[in-house]
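Take a look at the structure set out below.
Because the structure is predicted, anything quoted here is derived from the model rather than measured. This chain uses plain numbering: 1 for the first residue, then up along the sequence.
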Amino acid sequence: MATEATQLLPTKPQYEQPNGRGYKLVAVSAVIFLVLLCTVVVNTGGDVVAINHQLLHSSSVDDQSKNSVFPTSFLWGAATSAYQIEGGANDGGRGPSIWDTQSRDNCNGESGGVADDHFHKWQEDVYLMEQMRLKAYRFSISWSRILPNGTAAVGDESGDARYSKTKGINYDGILYYNNLIDSLLESGIEPFITLYHWDLPQSLQDRYGGWEDRSIIEDFARYARICFQFFGDRVKYWITINEAWTVSVHGYEEGSKAPGFVGEDVGGTGRPYLVGHHLLLAHARAVDVYRSEGYEHWYRRGGDNETGLIGIANSGDYRFPLNPDIKGDVKAATRAMEFQLGWFSDPIWRGDYPKSMRERLGKRLPQFTRQEKKLLRGSSDFLGLNHYSSAVASEPTSPPIYGGYWADQFVNVTDDPSWTKSFMGWNIAPDGAREMLLWIDRRYNHPLVFVTENGMAANEPDLEHSLHDEDRIEYLEGYIRGFSQALSEGAKLGGYFAWSLLDNFEWGYGFSKRFGLIHVNYTTLVRTPKASADWYRMVIESNGGSIPP
């Protein structure tokens with residue numbers, strides 16, 4: 001539903017220049033086959049746009065594209081989440097979320113209250129995506145921006161919130177996302193929407209304990225229905241839940257993520273597993289709404305025979321067995337992956353939790369009813385994979401001296417000494433990208449996969465270091481190569497989303513960790529593309545062919 005506001009042309013952004021260094025305009029003849037690293041300056045009626053560009057002759061791109069193993073329909077994108085970039089916490093009718101609460105006494109004293117101010121600067125950011133040649137943009141909807149109190153009067157298929165003002169819905173929030181979606185489509189960028197990326201409305205946490213209570217299942221379904229009604233005619237790709245594992249373990253065991261409960265399962269309460277159970281059932285119920293109420297057929301941009309797709313995004317770190325010839329180490333590596341990715345993928349693709357979880361957790365792991373199993377199995381058209389790192393796994397030689405989730409796995413996790421680490425302290429192991437995709441392909445019978453997050457935080461103490469992020473380029477190149485190898489070996493991969501489009505609020509770390517392809521000055525909110533942004537543009541233009549095999 002385009003409005004007058006959606007017809008506005010994106011504003012051209014301003015950029016910082018490190019150490020006052022100027023930029024030069026470089027013209028490239030259509031017959032030159034050289035690749036020239038340069039910077040472009042464009043005067044736009046007083047605004048100056050300075051974008052680092054690697055200018056390529058079109059025939060060079062064509063030659064590289066011929067070497068690509070990626071299909072022509074492959075979606076190259078970048079990803080963000082609402083609380084990490086939107087800001088505007090008190091603007092546009094948004095209600096508070098559990099992350100507004102979590103950040104008051106945590107997160108280095110910082111919060112996502114302003115973040116990158118994407119709420120006010122979205123046009124500028126869409127322009128940057130267009131300059132990067134993104135084919136898709138993955139972002140999340142803030143539940144509390146749509147439903148400030150978490151719920152609305154409309155609750156079932158008999159009510160369509162588009163045609164009457166409905167109590168509880170924030171129509172300013174609807175307009176904001178409508179404008180963003182329309183602008184993306186006008187720029188040739190496919191919106192890839194996540195319904196839940198950790199920012200539960202605080203009202204639901206206060207009312208009944210959020211994800212600990214079964215009430216959350218139907219409230220999530222009602223919220224999803226409203227999003228399908230308002231945006232489903234233009235949005236082809238939907239993700240229900242982002243990283244249910246992180247919500248369950250980091251939110252209800254380690255306390256590093258909202259709502260910040262610590263050690264809740266040390267006494268054997270099973271609380272993280274109950275939360276995970278409700279997350280899975282909420283996912284299944286939202287998918288049921290999408291399919292049974294016909295919203296998958298609302299998508300019309302692709303023609304009458306094309307429907308929308310819906311899936312889930314799960315965490316997946318690969319585990320290499322310490323000694324592949326020792327059966328205990330192989331089992332330990334598999335068990336570790338079952339306790340992470342398998343926890344939230346097996347019920348969807350195999351009908352129940354992994355056998356290893358059932359054996360080790362007993363009654364602490366909830367049971368699905370027959371109807372719930374039926375609702376869950378096949379409830380994803382694709383698997384979203386958030387993959388950053390890998391580790392080495394081995395069978396412990398003695399019982400753990402601690403309790404909780406990590407003891408439940410009964411796995412020793414170590415590093416390969418040859419691996420380097422990111423600024424987050426995570427292992428950089430591109431071979432794990434290939435192995436993770438192949439493990440998924442074998443275990444779940446060749447599902448469609450989208451890499452919905454992959455990236456690294458680098459040590460960027462100042463703008464100069466940020467703009468020359470060769471370590472990030474090396475990381476992304478290695479991981480994309482790993483994914484391409486799995487694709488060549490038969491895995492079914494439909495797209496790749498770099499994390500993240502922008503530097504942003506990195507949860508408990510505040511603004512101290514930068515993952516972005518685009519630098520953000522958190523004081524002035526000026527955006528400046530890094531070298532990795534230009535490198536990624538070349539990858540997209542060559543459909544991955546610019547990456548050496």
Using modelled atom types only, decide if a donor and an acceptor are shared between the side chain of [X] and the backbone of [Y] within a distance under 3.5 Å.
{"X": "Ser248", "Y": "Val275", "answer": "no"}
{"X": "Ser500", "Y": "Ala79", "answer": "yes"}
{"X": "Gln340", "Y": "Asp317", "answer": "yes"}
{"X": "Tyr299", "Y": "Lys236", "answer": "no"}
{"X": "Trp198", "Y": "Asn242", "answer": "yes"}
{"X": "Asp503", "Y": "Gly516", "answer": "yes"}
{"X": "Asn543", "Y": "Phe70", "answer": "yes"}
{"X": "Ser183", "Y": "Asn179", "answer": "no"}
{"X": "Asn149", "Y": "Gly95", "answer": "no"}
{"X": "Lys492", "Y": "Asp441", "answer": "no"}

Minimum side-chain heavy-atom gap [X]-[Y] below 4.5 Å:
{"X": "Arg225", "Y": "Tyr295", "answer": "yes"}
{"X": "His283", "Y": "Ser380", "answer": "yes"}
{"X": "Trp349", "Y": "Asn445", "answer": "no"}
{"X": "Gln84", "Y": "Thr80", "answer": "no"}
{"X": "Trp535", "Y": "Val539", "answer": "yes"}
{"X": "Val520", "Y": "Asn504", "answer": "no"}
{"X": "Thr101", "Y": "Gln205", "answer": "no"}
{"X": "Glu296", "Y": "Phe228", "answer": "no"}

Give the minimum heavy-atom separation between [X] and [Y], together with the two atoms involved.
{"X": "Gly168", "Y": "Pro148", "result": "O-CD, 3.5 Å"}
{"X": "Ala313", "Y": "Thr452", "result": "CB-OG1, 3.8 Å"}
{"X": "Trp507", "Y": "Ser81", "result": "CZ2-OG, 3.7 Å"}
{"X": "Leu134", "Y": "Ala78", "result": "CD1-CB, 3.9 Å"}
{"X": "Leu517", "Y": "Ser532", "result": "CD2-OG, 3.5 Å"}
{"X": "Tyr83", "Y": "Ser111", "result": "OH-CB, 3.8 Å"}

Out of Asp534, Leu467, Leu128, which one pairs with Pro529 under the side chain to side chain contact (heavy atoms under 4.5 Å, CB included) rule? Leu128
Criterion salt bridge (Lys or Arg N to Asp or Glu O under 4.0 Å) on Asp381 and Arg291, from CA distance to verdict: CA-CA 11 Å; Asp381 297 315; Arg291 292 174 177 172; 2.9 Å; yes
Reported [atom1]-to-[atom2] distance for the pair [X] and [Y], which is rounded to 0.5 angstrom:
{"X": "Lys135", "Y": "Ile540", "atom1": "NZ", "atom2": "CD1", "answer": "8.0 Å"}
{"X": "Asp91", "Y": "Asp117", "atom1": "CG", "atom2": "CG", "answer": "8.0 Å"}
{"X": "Ser142", "Y": "Leu147", "atom1": "OG", "atom2": "CG", "answer": "9.5 Å"}
{"X": "Ile241", "Y": "Glu243", "atom1": "CD1", "atom2": "CD", "answer": "12.0 Å"}
{"X": "Leu502", "Y": "Arg527", "atom1": "CG", "atom2": "CZ", "answer": "5.5 Å"}
{"X": "Ile440", "Y": "Tyr318", "atom1": "CD1", "atom2": "OH", "answer": "11.0 Å"}

Under 6.0 Å between the ring centres of Tyr388 and Trp499?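 So the answer is no for these two rings.
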When the ring centroid of Tyr196 is compared with that of Trp211, is the distance short of 6.0 Å? yes
Between [Y] and [X], is the closest basic N to carboxylate O distance under 4.0 Å?
{"X": "Arg145", "Y": "Asp199", "result": "no"}
{"X": "Lys121", "Y": "Asp116", "result": "no"}
{"X": "Glu460", "Y": "Arg472", "result": "yes"}

Going through the checks in order, is the side chain to side chain contact (heavy atoms under 4.5 Å, CB included) test met by Phe344 and Leu280? CA-CA 7 Å; Phe344 296 99; Leu280 273 168; 3.7 Å; yes
Under the side chain to side chain contact (heavy atoms under 4.5 Å, CB included) rule, what do Leu341 and Trp439 come out as? Steps first, then yes or no, please. CA-CA 11 Å; Leu341 188 138; Trp439 190 84; 3.9 Å; yes
Run the ring pair (Phe, Tyr, Trp, His ring centres under 6.0 Å) check on Phe220 and His278 step by step: do they pass? CA-CA 10 Å; Phe220 182 71; His278 292 159; over 10 Å; no
Please verify the inter-ring angle class for [X] with [Y]; under 30° counts as parallel, over 60° as perpendicular, anything in between as tilted.
{"X": "Tyr171", "Y": "Phe230", "result": "perpendicular"}
{"X": "Trp76", "Y": "Tyr536", "result": "perpendicular"}
{"X": "His387", "Y": "Phe483", "result": "perpendicular"}

Ser345 and Asn314: side-chain donor and acceptor closer than 3.5 Å? yes
Please lay out, stage by stage, how Asp469 and His519 fare under the test side chain to side chain contact (heavy atoms under 4.5 Å, CB included). CA-CA 10 Å; Asp469 58 342; His519 177 274; over 6 Å; no
side-chain contact (heavy atoms from CB on, under 4.5 Å) involving [X] - partner list, sequence neighbours excluded:
{"X": "Arg377", "result": "none"}
{"X": "Pro191", "result": "Phe139, Ile181, Leu184, Leu185, Val235, Arg301"}
{"X": "Asp346", "result": "Arg350, Pro354, Arg443, Tyr444"}
{"X": "Glu110", "result": "Asn108, Phe505, Phe511"}

For the CG atom on Asn90, are there more than 12 heavy atoms of other groups (residues, nucleotides or ligands in this structure) within a distance under 6.0 Å?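 Result for CG/Asn90: open.
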Non-neighbouring partners of Glu453 that pass salt bridge (Lys or Arg N to Asp or Glu O under 4.0 Å), sequence neighbours left out: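 Listed in chain order: Arg138.
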Could I get the full list of ring-ring contact (aromatic ring centres under 6.0 Å, His included) partners for Tyr237, not counting sequence neighbours?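 ring-ring contact (aromatic ring centres under 6.0 Å, His included) list for Tyr237, sorted by chain: Phe192, Phe450.
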Candidate pair Trp238 and Val287, rule side chain to side chain contact (heavy atoms under 4.5 Å, CB included), full reasoning: CA-CA 10 Å; Trp238 295 89; Val287 174; over 6 Å; no
